[in-house]
Amino acid sequence: MKLLTCPVNGTRPLSEFVFGGEYRVPPAADCSDKVWADYVHNRHGAPGIKQEWWYHAPSGTWFIAERNTLTDQVIRTFLKGQEGKQ
Amino acid sequence: MQTEKLITPIAHAFPVGSVTWGVINGMQVVTRFVGSDEEEARKEFLGIADASFLGKFGVKGRNAAQWLQDQGIVVPEQPNSWAGNADGSLVLRLGGSEFLIEDAPGGNLCEKLLKADAKPAGVYLVPHVEASFVLSGNAVQELFAEVCSIDLTRAALGVQEVVMTQFAGVSVVLMHQDLEGEARYRVWCDSSYGPYLWEVMAGIANEHSGGPIGIGNYFSAYQ
């Protein structure tokens with residue numbers, strides 16, 4: 001059984017979670033069309049350490065997991081805005 | 001067409017004809033499933049009862065905790081923990097700033113809170129119509145092991161902990177409480193999943209010589 005640790009509710013089976021896509025920081029509002037189109041349409045698919053949105057369904061908690069998508073190893077999980085508290 | 005009275009969200013899971021119906025707190029519920037002696041025996045092994053009729057009140061927001069304290073409500077300090085008020089009502093802190101309050105048997109705290117003065121900024125009402133269960137008995141941990149992946153023994157739970165997890169694929173809120181001299185578990189789930197979860201848990205209870213029992217076995221106010 002795969003496990004994931006919710007920063008609020010603790011370690012739970014993966015079946016309690018929903019993947020929410022890669023966590024990406026949008027470019028500035030006054031960026032060029034090219035930069036904006038790149039943000040909207042393109043994804044960086046190469047494996048490596050990425051930050052992803054995950055959702056703990058029973059409690060309705062969204063959080064960020066830092067995961068190596070090559071080895072599937074989760075490095076840490078945290079609530080948005082609480083990166084430094086880990 | 002509206003029905004005259006509310007009916008328990010678990011109603012579709014109950015057998016027709018062979019049980020005794022009654023009205024508690026304005027809701028039609030099954031008050032007895034089998035004879036009182038047999039219900040007592042079921043409770044010893046693994047009893048499950050429907051408590052969906054108890055009034056519920058929800059509130060969330062950055063000022064929710066303060067507003068509840070202003071209303072004289074005991075507020076649990078830690079996220080995912082619960083506290084009991086002097087009147088027997090329960091206050092569950094769901095995460096950081098959301099609260100679920102459930103009336104004590106025969107109580108009307110939730111109605112008072114609903115009618116309380118206008119809520120200030122940062123306090124938002126959350127409607128709650130969950131299906132609600134009471135579980136107890138010698139084999140209750142066997143039931144949990146069948147429907148849930150995490151350790152829900154009393155030692156693992158801690159004293160005042162609230163757990164949000166899944167039972168048989170359904171999201172639930174769970175807590176443990178010692179009440180009227182016995183250990184009980186309380187479970188809440190979305191009302192639309194109520195009949196399914198009841199059927200699953202009651203089926204497992206039957207395998208352990210337990211089964212559905214009337215709520216009067218748990219709350220003396222309804223005997």
Side-chain angles (χ1 to χ4, degrees), chain A residues 1-29 43 47-86, chain B residues 58-62 64 76-82 92-100 124 126-128 130-133 144-153 155-158 160-175 186-193 196-197:
Chain A
M1 181 169 62
K2 281 189 175 182
L3 301 172
L4 189 60
T5 300
C6 170
V8 177
N9 296 280
T11 302
R12 301 295 173 80
L14 196 62
S15 57
E16 292 191 10
F17 296 90
V18 179
F19 177 64
E22 188 178 357
Y23 172 71
R24 301 186 311 141
V25 180
R43 298 290 182 274
I49 295 175
K50 295 187 174 180
Q51 292 192 337
E52 301 168 328
W53 282 113
W54 283 86
Y55 179 68
H56 183 239
S59 64
T61 306
W62 280 103
F63 62 95
I64 298 169
E66 202 167 85
R67 184 171 72 98
N68 186 330
T69 58
L70 182 65
T71 61
D72 200 21
Q73 181 186 24
V74 176
I75 296 148
R76 61 176 182 149
T77 58
F78 52 88
L79 296 174
K80 188 177 185 313
Q82 297 187 5
E83 292 92 329
K85 295 181 181 177
Q86 294 295 302
Chain B
V59 70
K60 70 176 180 180
R62 66 183 190 281
E77 290 186 7
Q78 298 297 320
N80 293 3
S81 64
W82 67 274
L92 282 71
R93 189 167 195 151
L94 309 173
S97 58
E98 182 169 348
F99 299 87
L100 165 63
Y124 308 99
V126 181
H128 279 286
E130 286 92 341
S132 169
F133 310 91
F144 290 159
E146 286 192 54
V147 298
C148 187
S149 304
I150 65 172
D151 186 358
L152 295 174
T153 55
L157 270 185
Q160 301 289 104
E161 194 170 341
V162 169
V163 179
M164 286 176 274
T165 183
Q166 287 185 333
F167 272 18
V170 176
S171 293
V172 299
V173 176
L174 175 141
M175 57 163 273
R186 295 296 315 279
V187 176
W188 294 263
C189 77
D190 186 281
S191 56
S192 61
Y193 289 107
Y196 161 72
L197 199 56

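Owing to the predicted nature of the structure, the values given are computational and were not obtained by experimental measurement. Below, chains carry the letters A, B, ... as their sequence lines are ordered, and counting in each starts from 1.
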Identify the two heavy atoms, one from B/Gln166 and one from A/Glu16, that lie closest to each other, and give their separation to 0.1 Å.
-> N-OE2, 3.4 Å

Those residues of residues 65-72 of chain A that come under 4.5 Å of chain B on a heavy-atom basis, listed by number, are none

Could you look at B/Ile150 and say if it's the side chain, the backbone, both or neither that has a heavy atom under 4.5 Å from chain A?
-> side chain

Looking at side-chain heavy atoms only, is the closest gap between B/Ser149 and A/Arg12 below 4.5 Å?
-> no

Looking only at heavy atoms, which of residues 53-61 of chain A get nearer than 4.5 Å to chain B?
-> A/His56, A/Ala57, A/Pro58, A/Ser59

What pairs with B/Thr153 under side-chain hydrogen bond (donor to acceptor under 3.5 Å, both in side chains), at least two apart in sequence or on another chain?
-> B/Asp151

Can you list the residues that meet the side-chain contact (heavy atoms from CB on, under 4.5 Å) rule with B/Pro79, with sequence neighbours excluded?
-> none

Are more than 12 heavy atoms from other residues, nucleotides or ligands located less than 6.0 Å from atom OH of B/Tyr193?
-> no

